[in-house]
Every structure is written in C-alpha cells, then in structure tokens.
Amino acid sequence: MAEHNPQATGSGYDPQAIEAKWQKRWADARVFESEADPSRPKYYVLEMLPYPSGTLHMGHMRNYAIGDVVARVKRMRGFNVLHPMGWDAFGLPAENAAIKNNTHPRTWTNSNIAEFQKVLRRFGFSYDWRREISTCEPEYYRWNQWFFLRMLERGLAYRKKSRVNWCPKCATVLANEQVINGYCWRHEDTLVESREIEQWFLKTTAYADQLLDDLKLLEGGWPDRVITMQRNWIGKSQGAKVKFPVADVPGAGSIEVFTTRIDTIYGATSLIVAPTHPLLAKLLESSPNRAEADAKLVQMRQSSVKTEDLATAEKEGFFTGRHASNPFSGEKIPIWVGNFVLMEYGTGAVMCVPAHDQRDFEFCRKYGLPVRVVVQPLEGEPLTPDKMIAAFDEHQQGKLVNSGPYNGLSPDDAIAKMTTVAEQKRFGSGEIVFRLKDWGISRQRYWGTPIPVVYCPKDGMVPVPDKDLPILLPPNPKLTGMGESPLAATPEFVNTTCPKCGGPARRETDTMDTFVDSSWYFYRYCDPHNNQAPYDSAKVGYWFPIDQYIGGITHAILHLLYSRFWCKVMRDLGLITHGEPASRLFTQGMVLKGGVAMSKSRGNVVDALEMAEKFGADTGRLYTLFAAPPEKDLEWSEESIEGSWRFLNRVFRLVERHAQSVRGTNRGNFDIAKASEKEKTLLRKTHQTLRRVTQDFESRWHFNSAIALLMELTNEIYAQEPLEEGMRPELRKEVLELLTLMLAPMTPHLAEELWEMFGHTEGLWKTSWPAFDSDLAREEEVEVVVQVNGRVRGKLKVPAGLAENELVTRAMAEHFVTQHSNGKRVVKHFFVPDKLLNLVVA
RNA sequence: GCCCGGGUGGCGGAAUGGCAGACGCUGAGGACUUAAAAUCCUCCGGGGAUUUUUCCUCAUGUGGGUUCGACUCCCACCCCGGGCACCA
C-alpha cells in the first residue's frame, strides 16, 4: 500500500474527528481525575516518567498504551484509579542543547514538555493531568533539597574526597551505576576517567542489608531478573577480615585482607595488595626492589584505568621484597602487588590461596609461587598441588588438612571456629562486605537541583535552614560545558551569607544527580501542589504502595534501586509506613526498528504523532498491543499496522450497520431457551470470548491474544451476517455491545463512539466491565479428539458432557479407530471431558 | 566464566501436559469496478499417496529421558539476546 488514505476504506470511521470529540468530553467530565477516598478500593498504576527530549516515539507510546489498558480496566472494575504523568526535566541534554543553541535549558526543556504533552493528549491516555509534575520546577526540587537536609542531619549525606568516575563528554562525575563496562552510560564511545574530587554522597550502604532482604517482599510481584540484578549489584559476601602483620618493615603495622574462606588460611602462600593500596609506599620505601617496583606500579596504575577489559586481562604482579606473617601459623609469606586486586572492594588486599581459588592459582602458576592443599574432599582422589582445584562449591564436603589444630574439621566448622579465634586474639573479625557503594550525587553541571549547603570561613560547612528553601538556580548562568560547575562561575549565586554567623560565605556549586528527582516523584503525584511538605502522609498512605509500576528494564538497577533506598529513608523519617514503593513491576519490551531500539541518534524513530495523524491513536495503541506480548521486544512494521487499522474499520462498519436497528432494546433482556441456532452460536462465542479476554486482562496481560480473540469474534459475527435474519435485536445488541466494551480499554475513543451509536446517552466510561455468563458460554455440542496410541485419528461431534464409557463405545465403533488398532485390544484409555479420548491398544 | 531470558511457517506471533501454527502481516488466485483504491471470497510449513475428495507422514534449535500423550516437564549440548564479572 503506497499511500494510506483513511477515507478510502469506504467506511465512516474517522479517527481524527472521533478522537478529538471524546478527548474533549472526557476532559469536560473530568473522567480521569481521582481523589484519595478511603471508602473505595484504590489502584495506583504508573508508567515511568519520561525524560522530555526530542520526539515522543512509538517506544514511549507502547509503554503508556500498556499502562492505559490497565488503568481503564481497573476503572471499569470499580477501582479508584490514580494514573498520573510528569516530566523528568533536569538533565544534561537540556544543558548541552542550550549551549549549542545559545538558549536557556529551561527553554529547550519546556518546549519539549509541551510537545510531549501534546502527543500524550493526542493519544487520549487517561491521565489525571491536574497532578502533572516537572522536576525542574522549584516547587518540586525544593523538596529534593529538603530531603537532602534531612539526610544530612542523619549522617546519610556526607562529603568526602574521593576518586570518581569522570566523563569527559558530560564534563561531570558519574555514579558507579552510570558506568557501563568502563564507558559512560550516555556516551557509549567515551571511556570514563578517574579523578579525585570532593563529592557529596548518599549513604545507600547504610541500607544495603534492607535493600537486599526486602527483595524477598518483591518476589512474585517483580520480574525475577530485576530482583537478581539488584541482588548481584548489592553483592553481599559473608566472610572475615584478618590482619597480617608486616614482618620486615618496623612500624608498618599490618595489612588487612578480606576473605570468605578463612578456613583456607593455612593454604595462603602469599599476600597480594592492590596497586593503589595505601600501605604500599611504606613497604617499598628502602626496599631492595624499589626502582623496579616503582616502574611496574606506574605501568599497572595506568593500565588499570581501562576497566573494560579488566576481567580478561592477564594477571600481572611483582614482589615487594617484603613479608607478612600469617596470624594463625606465624608463617612468613611474601607480599606481592597484583593488578587483579581491587582497592574498591573489601580491604584492597587478599590472601592468596592458590589451591582453592582459580585466580590465585593462575597468579601463582605464572610467578612460580607454591601451591598448598588445605582442604581435601571426603571421597575420591585426594588433591595434589599439581591438580587445579578451586573446589569452592564442594567445600562443604571436604575436611581440612595441613592446617595445624584445625585439621579434620569441615570447612564450615573451621570458618566458624577460626573466625572466633581471630576475634578473641584480636587480629580479625567476621565481616559482611557489600559490593554496593554509596551513591555519589554531586554533578558539576547547571541543570539540576542545587545542593543546599554553604561554606563559611568561620563555621565551615553549614546547612541551609529549611525556611530558606528552595535554593533557586540562578536565572542566567554561564554555560560552557567545560570544567567546573557553571554555578561556580555565577557570583550572584556563589556569594551569600552564612546562616549561622551572618558573615560572607560561599554556596555549594554542585548540583544533584537527576536520579534524585526520580527517586521519589511518584509520591509527589499524590499531593502535587503541597507547599508545606513533600506530600501529605495521609494521601500517600491511601495511594501507596504503587500497585503496578511499568517501565523499561534499563532502569532495573539505577532508578529502581535508588527509589527503593529513598522509600526506606522516608519511612525512617516517619513520613510513610511502607518499606517498598511498588508492589508489582512490569518491564515492557522495547520497540525496535531494524533490530535496534528506537533512538533519535540512530535516526530510526517512528514519530508517535505522525502515527496518530495517519491512522489515529486507537489504531496506534491497538497495534503496539497486538504485535507482540508486552514483555517482549517488538519490531516495528509499517505493513502490519494496516491490519489493526482494517480491523477497527470492520468493527466500525459492523456497528454502523446495526446500531440503528438495536436502539431502544435492552441488552440482557432475553430468554435463551427460545434462542435460534444463530443466536446461540453468537452468544456462546461472545461469552467465551469475554471469559478469556477477562482472564487475559486480569492475570496474564496477554493483550495480543485478547485482541486476536476479539478479531475472531468479529469474524464470526461477519460470518453470521445478515444478523437480522434469525436474530432478535436485543441479542444483536448483546453481542455488539460486549464486543465494544471489551475493546474499550485498548481503543477507548472508538468504543465511546460506538457506545453512543447504540443510543446510550451516558458515556461508556460510566459502564462497568461486563460479567460473562457461564451458561451462555457453555457448548451444547463438542468436538472430541480421538487418539489411538497418542496419535490423532479422528474427531467426534457429541453432546457436551457425554459420559466417558458412552464416548469410548462410540469411538470404538468408528472406522478411523478400527483401522488404526489393527485388531488389537484397547487395554487402556485416557479421557479429558469434552476434549479428548486417547485409546491405548496393544 | 557465572546468572537470567529466548529459539515454533516467508514475517510478527498463538497454544497455562491434550487437534502445533489461532489471530494478523506478506504473497497467490478470484469477485466487484471502465480502472484503481477500498471491500468481499479462496488458498498459503515440508514430503508422499489419492490428484473430485481425503488420507498418510515428517516437523516447534540438537540429542536423550519422563508420560497414554511433550512446543510445554527433566537432563545434556548448540545458537541468539540481556545482565554480572579478576568481588577475594
């Protein structure tokens, strides 16, 4: 089809007119506005708020179409539904666009918001627009500042000099979660550098245990893979920290290692520290290997910047010339530097047990260090130093050898006993180590929330008092995109007075990571215009937790971890009582074109507004729901969308043809006993469809198969045309109205229009989801599949509910059975009522 | 390397241990039309037999297994996608 022309379908279906008409009516009747009402059951359904950039494409649209189906179904089922929308409006693209076009980030952002809003309204999504929020507005970000101050009071926000991830293109710091394989999450081609800067952190690690433990509460409600990803990210390891005194440098103290296998400590044949270990300078001072060591260190530190191939990199190391003593055995073992030991994890030093760890083994083999077996399996061949072991998972079945007083113990017993001994003798302790690190939130950019502290020469760092919030962004910043925060170059912002002493002071010039904005935005929807508090706890108490959260898998860690953290902090502040923000999470698939996700930079976006103009919003919605199950990726096809368009036209023509003749009758007012064959056929099909569509909407979210069922029903109605012959108007109405109601959550505008055509003066939005009638859905005659030895050999039309033995008798008389049983006897049979009979012959 | 997903016609996909390929797209043929569009009808996994009609057979990544019966459950392997990754 070269050029699409809606008028050419020969039907009166005009989506542009219909959709505008109903959008206005919904708005006038305030259909989607809802208020907290404890007398009614609530349902909070939410799609992740978009970053308003570029065009709103069909990828966005699919996300919102899914949420809108859920919102509309729940409304039809009597829930008080909260379904809001807003804008994740701070962020770098706005600032970069402003620099490029010499405008203000606000200008760019607000015009994008206006565009996005126009498109979302064009699609008729059932949002309560009164609750719209934009995170770049002071009414919103003042509460980011407020929360920050509360965290500061509790020691959950702190400042420290630290080595950070720095993206040269963003010209700012990135959180660990924003570094993907050593590259910036926004610039896939840009390696992240390492810099040392004073930074603000939020203490996510204070909640590491809760963030991990509470994942259990989400099981069943959140996708397993998201839970797994978070669990891995938090990365809890139970083990012990053990101090190895440095033997040959007086005053050097000891080196602490972290291990999960303290039971193998007698097998440690060396101690390996990270190239950036703080004690290294002291060890190498006056070391015989000094010059050689320094050269290697420089080399090692340089190459360790490239984290992307760390995992596959060759193990490198060198001997420091120093030794440490094993606190259990007193044995002197050499101290090495190894490139595979990470300063960021554990203590930055490991004991090297080559017999029971793959990495240690590789390292020792390369450098000729000895291998000593200290755990032997209970059964089978004993291990020898020549044989690679690393039998980590089997340590439960082993017993200790070469381990002094601990010989013969099981590894588990040894871990318990040795940890106790280490604690008693004060050279070690049982420890839990997390991979999760604190959340670095400082960003050296303009378009974000100013961090509300000032620095006073006299009083040091002073928090801004609540009454002075919000700290507003200066209206006319100098944006360069380079170096220091633009706020630092804005004197009217920087120069202030100390809240404590009144003397001159400087403001903090960093802004907050935009993930702060999205960490609690869904609470603000409950009470979006509150200027006394972030929100009213009673309102949040009614709506929360979110019943259904919907968004992309890309946020499995970043946003979804931060917002879980924020929720727990707010609970500890006494603002809320729940511990998890969303009880159910759905991660929808992406919309692809040419096999890759739509994005402006790739130039493969399908503009949602263009689709609406071409086919109408309802066709666009229907297609994204029909083309694939919602959790799977969907390859966009311009050809396939025509099928959805054709289907809606078929439905429209059908109702157009019959609406007039069924007006004035009441659906449901009929006597099925007196029904004709045609009536029974269609009523049965309709109620069977209703039963399955209801299931698909309620539990399985198989919108694609629900639509297929509605297509089948429509095809069946067409097959029974002309309906007027042998079908009473009230039954025609029943069939057509149920079809309309089932379509309503997905193609709401068309459904309203059809509803009106039936003669209803009240909007469909006031109608409940229909209940299916199991009596009507029941078949009178069924087709039973007959198998012989598990192979289909024929079918029998029999009355529904026919008794098992009767069916067997009938089947055995059939030619197709005798032919395939070859005179053998039926020794057994299996029967599924009204469905299947399997005769086993032998 | 480890952990999740997934693999079904030309394509998107359906089938919650019971007829594999629903529904849609594409394609082919036909009806209507001066013509086109739209609409409507028929056909559309492979092989074979019968060439009206129907029947047989193979087929859901590969190989095994459980079962009366497996796309579905179990084991092993291959491939694709995603996540994590010298995490001590």
Side-chain angles (χ1 to χ4, degrees), chain A residues 1-11 180-181 223-229 231-233 235-237 239 257-261 272 307 310-315 338-342 344-353 357-360 362-363 392 433-435 553-554 556-557 595 623 626-629 631-644 646-647 649-650 653 695 699-700 702 704-712 714-715 718 783-795 816 819-820 827-832 835-842:
Chain A
M1 179 173 185
E3 197 48 43
H4 172 79
N5 176 6
Q7 297 314 311
T9 55
S11 94
I180 321 282
N181 291 331
D224 287 343
R225 60 176 173 153
V226 173
I227 292 175
T228 306
M229 282 163 75
R231 191 166 280 139
N232 291 342
W233 188 262
K236 181 178 181 169
S237 288
V257 304
F258 176 72
T259 177
T260 56
R261 292 296 307 275
I272 311 176
T307 46
L310 211 60
T312 49
E314 174 75 16
K315 286 177 180 46
N339 65 343
F340 67 99
V341 178
L342 308 172
E344 303 83 59
Y345 184 77
T347 59
V350 298
M351 62 181 202
C352 178
V353 185
D357 183 280
Q358 177 78 42
R359 288 157 312 181
D360 294 351
E362 284 171 31
F363 189 79
F392 198 87
V433 163
F434 289 95
R435 209 188 80 105
I553 186 73
T554 36
I557 294 174
Y623 174 66
F626 177 60
E631 70 279 6
K632 283 185 72 175
D633 286 351
L634 181 163
E635 174 69 32
W636 182 262
S637 159
E638 196 75 24
E639 283 166 345
S640 296
I641 194 173
E642 304 268 355
S644 298
R646 280 198 278 266
F647 168 62
N649 274 284
R650 269 166 76 78
R653 282 195 303 271
Q695 283 166 3
S699 48
R700 310 198 313 166
H702 285 197
N704 56 331
S705 57
I707 294 165
L709 288 166
L710 295 176
M711 287 173 168
E712 269 187 64
T714 305
N715 292 344
Y718 266 89
E783 204 174 55
V784 175
V785 173
V786 180
Q787 298 180 327
V788 177
N789 283 348
R791 307 199 60 132
V792 179
R793 295 304 178 183
K795 289 157 196 181
F816 59 73
Q819 190 186 351
H820 288 282
V827 292
K828 232 197 258 184
H829 67 264
F830 292 86
F831 175 64
V832 183
K835 258 192 176 166
L836 175 133
L837 176 70
N838 186 12
L839 300 167
V840 183
V841 302

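Spacing of P atoms, B:A76 relative to B:C4, comes out at 12 Å, to the nearest Å. Straight-line distance between the C1' atoms of B:A28 and B:C80: roughly 33 Å, to the nearest whole Å. Spacing of P atoms, B:G9 relative to B:U57, comes out at 22 Å, to the nearest Å. If you take atom P in B:C2 and the same atom in B:C58, they sit 38 Å apart, rounded to whole Å. Spacing between B:C79 and B:C23 at atom C1', rounded to whole Å, works out to 29 Å. Between B:G21 and B:C71, the distance separating the two C1' atoms is 11 Å to the nearest Å. One C1' atom belongs to B:U8, the other to B:G29, and the distance between them is 28 Å to the nearest Å. For the C1' atoms, the distance linking B:A20 with B:G46 amounts to 14 Å, nearest Å.
Side-chain proximity of A:M711 to the nucleotides B:G83, B:A85, B:G24 is greatest for B:G24. In this structure, of B:C87, B:A15, B:C3, it is B:C87 that holds the atom nearest to the side chain of A:Y345. Closest contact between the side chain of A:V785 and the listed nucleotides B:G12, B:G13, B:C19 involves B:C19. Distance from the side chain of A:F626 is smallest to B:G24 among B:C56, B:G24, B:A22. Here the nucleotide nearest the side chain of A:F258, chosen from B:A22, B:C84, B:A88, is B:A88.
Rounding to whole angstrom units, NE2 of residue A:H829 and C1' of B:G18 are separated by 15 Å. Atom CG in A:L710 sits about 13 Å away from atom C1' in B:G24, given to the nearest Å. Remark: C1' of B:G13 and OH of A:Y623 are 11 Å apart, rounded to the nearest angstrom. Nucleotide B:G82 holds its C1' atom 14 Å from the NZ atom of A:K632, rounded to whole Å. The distance between atom CG of A:N232 and atom P of B:C84, rounded to the nearest whole Å, is 9 Å.
OP1 or OP2 of B:C56 has not a single side-chain nitrogen or oxygen of A:R791 nearer than 4.0 Å. Look at A:S237 and you'll find a side-chain N or O under 4.0 angstrom from OP1 or OP2 of B:A88. Look at A:N715 and you'll find a side-chain N or O under 4.0 angstrom from OP1 or OP2 of B:G24. Applying the 4.0 Å criterion to OP1 and OP2 of B:A38, one finds that A:R653 has every side-chain N and O outside that range. Distances shown here put a side-chain N or O of A:H702 below 4.0 Å from the OP1 or OP2 atom of B:A15. Checking the phosphate oxygens (OP1, OP2) of B:U57, a side-chain nitrogen or oxygen of A:R793 falls inside 4.0 Å.
As judged by a 4.0 angstrom heavy-atom cut-off over every strand, A:P629 is placed among residues touching the sugar-phosphate backbone only. A:D633 comes within 4.0 angstrom of sugar-phosphate atoms only, judged by non-hydrogen atoms across all strands, and of no base. Residue-level contact check: A:V341 touches the bases, meaning some heavy atom is under 4.0 Å from a base atom. Residue A:S640 is in sugar-phosphate contact alone, with no base atom involved, counting any heavy-atom pair closer than 4.0 Å across all strands shown. As judged by a 4.0 angstrom heavy-atom cut-off over every strand, A:E635 is placed among residues making no nucleic acid contact. Across all strands shown, A:R231 has no heavy atoms under 4.0 Å from either base or sugar-phosphate atoms. Using a 4.0 Å heavy-atom distance criterion, A:Y718 is classed as making no nucleic acid contact. Within the nucleic acid shown, A:V792 comes within 4.0 Å of sugar-phosphate atoms alone, with no base atom in reach, counting heavy atoms only.
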Taking only N/O atoms, report every protein-nucleotides 67-70 of chain B pair under 3.5 Å with atom names and distance.
residue	atom	partner	partner atom	Å
B:C68	O2'	A:N838	ND2	3.4
B:C68	O2	A:N838	ND2	2.4

Every protein N/O lying under 3.5 Å from an N/O of nucleotides 42-45 of chain B:
none

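Seen from the ring of A:F363, A:K315 does not count as a face-on cation partner, given the 6.0 Å and 45° thresholds.
Rounding to the nearest 0.5 Å gives a distance of 12.0 Å between CG of A:L839 and NE2 of A:H820. Put simply, CG on A:N704 and NE2 on A:H702 are 7.0 Å apart, with the number rounded to the nearest 0.5 Å.
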